[in-house]
K.L.:
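There's a structure below that I have some questions on.
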Amino acid sequence: MSIKKLGSQTIRFENPPSIIGTASIVGPKEGQGQFKDYYDLILSDNIYAESSWEKAEKKILKEAIEIAIKNADLTTPKIDYLIAGDLLNQIISAGFAARELEIPFLGIYGACSTLAEGVTLGSIIVDGGFAENVVAAVSSHFCTAERQFRFPLELGNQRSPTSQWTVTGAGAMVLSSKQQNPRVTLATTGKVIDMGESDSNNMGAAMAPAAIDTIIRHFQDTGKTPDDYDLIVTGDLGSLGKEITEELLKQKGYNISNKYADCGVLIYYPEQDVHAGGSGCACSAVVTCGYIFKEMLKGQYNKVLLIATGALLSTTSSQQGETIPCIAHAISLENL
């Protein structure tokens with residue numbers, strides 16, 4: 001058996017799956033951010049020559065998967081499984097993209113934590129010997145998310161200062177049994193944490209406790225410390241959630257300040273006026289599949305801990321007065 005359980009929530013891959021190709025596609029706003037030179041494609045507009053925002057999101061997800069496979073020097077028939085998800089009802093972006101790609105498909109939903117969830121599952125499949133090549137992919141779109149979770153853009157509603165901007169984009173990662181760097185070495189699966197936050201415009205505060213719980217569990221399960229990583233990055237807590245996470249971890253004896261970043265804070269420049277930062281499935285995905293992956297290839301980073309966070313609410317649950325249950329999954333990416 002090639003997987004070893006560490007503690008209560010972490011697994012170590014004895015033959016760590018390799019990341020042999022990635023792709024990241026972003027919208028025009030994201031293309032104006034500091035990682036513009038790392039993306040495979042920057043759209044000139046959010047509709048991408050389609051008749052709806054939802055069709056545009058499906059299109060960029062499908063193309064990100066195709067580009068990742070090409071960048072891995074593979075063809076679609078060589079992919080054993082596609083594991084994908086998005087934010088829309090019934091994960092229609094992923095399902096409709098899979099309809100056209102004709103790859104055996106596992107659809108998943110972890111809200112904005114979906115990339116780390118998909119990479120975890122894909123790594124288990126590859127390391128378990130059930131596949132040679134697996135693609136993990138996600139997408140999100142500012143306009144589709146606003147329509148589904150908040151208000152249609154046509155209404156022009158004012159956004160609260162704590163709100164975050166859903167990233168328009170798609171990220172895809174090819175996991176393989178080939179032995180090359182970087183590799184997925186550890187995966188810590190989070191528990192659902194709900195501290196009673198009910199404001200859907202304050203997602204950073206809602207998700208921070210889940211991130212804290214998973215980070216601490218990762219260190220306790222593995223015996224590692226923050227010093228073992230070159231970069232510790234959360235998915236999309238934004239500026240408020242990042243501040244909460246950093247402070248509460250410090251109180252619990254884990255000072256990660258000198259190497260901690262958040263994809264939602266990094267992806268846009270402050271002057272782009274996205275309030276608390278970026279969010280969405282694509283937030284951690286395009287930063288990881290673009291910036292982090294390419295910097296690891298250069299050797300700028302050799303050990304990265306990614307903790308992708310997600311809020312498991314729906315419009316129905318919010319309207320029924322439910323609070324916001326959240327999740328965070330961690331994956332360790334390493335050059336061995």
K.L.:
Against L313, only a single residue in E322, E197, M203 fulfils side chain to side chain contact (heavy atoms under 4.5 Å, CB included); can you say which?
P.N.:
M203
K.L.:
Taking all non-hydrogen atoms of both residues into account, name the closest pair between A311 and I324 and its distance.
P.N.:
CB-CG2, 3.8 Å
K.L.:
Measuring from T245:OG1 to Y260:OH, what's the distance to the nearest 0.5 Å?
P.N.:
4.5 Å
K.L.:
Taking all heavy atoms of Y229 and all of K259, pick out the closest pair and write down the distance.
P.N.:
O-NZ, 2.8 Å
K.L.:
Is it true that S93 and E57 share a donor-acceptor pair across their side chains at a distance under 3.5 Å?
P.N.:
yes
K.L.:
Can you name the nearest heavy-atom pair linking V265 to S239, along with the distance?
P.N.:
CG2-N, 3.5 Å
K.L.:
Taking only Lys NZ, Arg NE, NH1 and NH2, and the carboxylate oxygens of Asp or Glu, determine whether E132 and K78 approach each other closer than 4.0 Å.
P.N.:
no
K.L.:
Which donor-acceptor pairs under 3.5 Å do side chains of residues 107-121 form with protein atoms, sequence neighbours excluded?
P.N.:
from, atom 1, to, atom 2, distance (Å)
S113, OG, G110, O, 2.5
T114, OG1, G110, N, 2.9
T114, OG1, A111, N, 3.3
T114, OG1, A111, O, 2.5
T120, OG1, A116, O, 2.8

K.L.:
Donor-acceptor check, side chain of K242 to backbone of A261, threshold 3.5 angstrom: yes or no?
P.N.:
no
K.L.:
When you compare the side chains of S18 and Q180, does any donor N or O come within less than 3.5 Å of an acceptor on the partner?
P.N.:
no
K.L.:
Would you list the pairs meeting salt bridge (charged side-chain N to carboxylate O under 4.0 Å, His left out) in which at least one residue belongs to residues 296-313, sequence neighbours left out?
P.N.:
E295-K298
K.L.:
Does atom NZ of K70 have more than 12 heavy-atom neighbours from other groups under 6.0 Å away?
P.N.:
no
K.L.:
Pick one: which of P182, S177, S176 meets side chain to side chain contact (heavy atoms under 4.5 Å, CB included) with I20?
P.N.:
S176
K.L.:
Within a radius of less than 6.0 Å around CD of E66, do more than 12 heavy atoms belonging to other residues, nucleotides or ligands occur?
P.N.:
yes
K.L.:
Please check if any side-chain donor atom of D236 sits under 3.5 Å from a side-chain acceptor atom of S279, or the reverse.
P.N.:
no
K.L.:
Would you say Y81 has more than 12 foreign heavy atoms packed within less than 6.0 Å of its OH?
P.N.:
no
K.L.:
Examine the side chains of T225 and Y254 and answer whether a donor and an acceptor come within less than 3.5 Å of each other.
P.N.:
no
K.L.:
Please list all pairs meeting salt bridge (charged side-chain N to carboxylate O under 4.0 Å, His left out) that have one or both residues in residues 38-53, counting only residues at least two apart or in different chains.
P.N.:
E50-K59
K.L.:
What is the minimum heavy-atom distance between T234 and A211, and which atoms define it?
P.N.:
CG2-CB, 4.4 Å
K.L.:
How many angstroms lie between atom CG of N255 and atom CD of E246, to the nearest 0.5 angstrom?
P.N.:
7.5 Å
K.L.:
Can you tell me if E102 has over 12 outside heavy atoms packed within less than 6.0 Å of its CD?
P.N.:
no
K.L.:
Given the rule that I, L, V, M, F, W and Y join up when any side-chain heavy atoms are under 4.5 Å apart, are F293 and I42 in one cluster?
P.N.:
yes
K.L.:
With a 3.5 Å distance limit and no angle check, can you tell me whether H141 reaches the backbone of N46 through a side-chain donor-acceptor pair?
P.N.:
yes
K.L.:
Linking I/L/V/M/F/W/Y whenever any side-chain heavy atoms sit under 4.5 Å apart, do L43 and Y39 land together?
P.N.:
no
K.L.:
Is there a path of hydrophobic side-chain contacts, each under 4.5 Å between heavy atoms, that joins I83 and I67?
P.N.:
no
K.L.:
Going by atom types only, do Q32 and Y269 share a side-chain donor-acceptor pair under 3.5 Å?
P.N.:
no
K.L.:
Membership question, hydrophobic clusters at under 4.5 Å side-chain separation (ILVMFWY): are L248 and I193 in the same one?
P.N.:
no
